[in-house]
Amino acid sequence: QVQLVESGGGLVQAGGSLRLSCVVSGRTNSWYVIGWFRQAPGKEREFVALIRWSGGTTSYGDSAKGRFTISRDNAKNIVDLQMHSLKPEDTAVYYCAAKTGLGLSARDYDYNYWGQGTQVTVSS
């Protein structure tokens, strides 16, 4: 089993920044990719960013490119999502997820383990 716990969400004004963290524990030798997804009320879950634990390859969804940065701290088993220039449309519950297997994926159904989510609210 793998456990993921997100933190760092909150209320921020448009144009501001937030840093989300995901602490990963458990069978840490069984996962290869950590992803961030988000879900706004009434909308489908959306891919935000991912990072391959070994090697650090990253990929971003269109909404995150140029504004968000995903990074990892191998020693602390933490994956961060630094978000800048936040917009009201970034308001959502943000989830981190772990994917076993070698391939990168932006599809939520490819991820085996999920955190409980952290709320991000961006006011206009």
Side chain to side chain contact (heavy atoms under 4.5 Å, CB included) between Asn77 and Val23, intermediate numbers included: CA-CA 6 Å; Asn77 284 351; Val23 178; 5.5 Å; no

Closest non-hydrogen atom pair between Trp36 and Cys22, with its separation: CZ2-CB, 3.6 Å

Note: Arg107-Asp110 ion pair, threshold 4.0 Å (strictly below): yes

Interatomic spacing from OH in Tyr32 to OG in Ser105 - rounded to 0.5 Å: 15.5 Å

Side chain Lys99, main chain Gly103, donor-acceptor under 3.5 Å: yes

Student check: side-chain heavy atoms of Tyr113 and Val24 closer than 4.5 Å: no

Exam field: side chain Glu6 to backbone Cys96, donor-acceptor pair closer than 3.5 Å: yes

Donor-acceptor contact present, side-chain Arg38 to main-chain Glu46, <3.5 Å: no

Distance in Å, Asp90 CG paired with Thr121 OG1, rounded so as to fall on 0.5 Å steps: 11.0 Å

Asn112 side-chain N/O to Thr100 backbone N/O, donor-acceptor pair under 3.5 Å: yes

Verdict with reasoning, Thr118 to Val93, per side chain to side chain contact (heavy atoms under 4.5 Å, CB included): CA-CA 5 Å; Thr118 185; Val93 177; over 6 Å; no

Between Phe47 and Tyr60, ring centroids under 6.0 Å: no

side-chain contact (heavy atoms from CB on, under 4.5 Å) partners for Ser17, two or more places apart: Gln82, His84

4.5 Å side-chain heavy-atom contact, Asp108 and Glu44: no

Quiz item: cation-pi between Arg45 and Trp114, 6.0 Å / 45°: yes

Residue list, side-chain contact (heavy atoms from CB on, under 4.5 Å) with Leu104, at least two apart or on another chain: Val33, Leu50, Arg52, Thr57

For Val12, all residues meeting side-chain contact (heavy atoms from CB on, under 4.5 Å), sequence neighbours excluded: Leu18, Leu86, Val122

Heavy-atom pair of closest approach, residues Leu11 and Ser123: CD1-CB, 4.3 Å

Close side-chain approach of Tyr94 and Met83, heavy atoms under 4.5 Å: yes

Non-hydrogen side-chain atoms of Leu20 and Val120 separated by less than 4.5 Å: yes

Nearest heavy atoms of Ser21 and Ile78, plus distance in Å: CB-CG2, 4.3 Å

Residues Ser71 and Asp80: side-chain donor-acceptor under 3.5 angstrom: no

Minimal non-hydrogen separation, Lys65 against Asp62, with atom names: NZ-OD1, 3.3 Å

Which atom of Gln116 lies closest to which atom of Leu4, heavy atoms considered: OE1-O, 3.8 Å

Worked verdict on Arg72 versus Trp53 for side chain to side chain contact (heavy atoms under 4.5 Å, CB included): CA-CA 7 Å; Arg72 80 206 190 286; Trp53 199 259; 3.8 Å; yes

Minimal non-hydrogen separation, Ala92 against Ala40, with atom names: CB-N, 3.8 Å

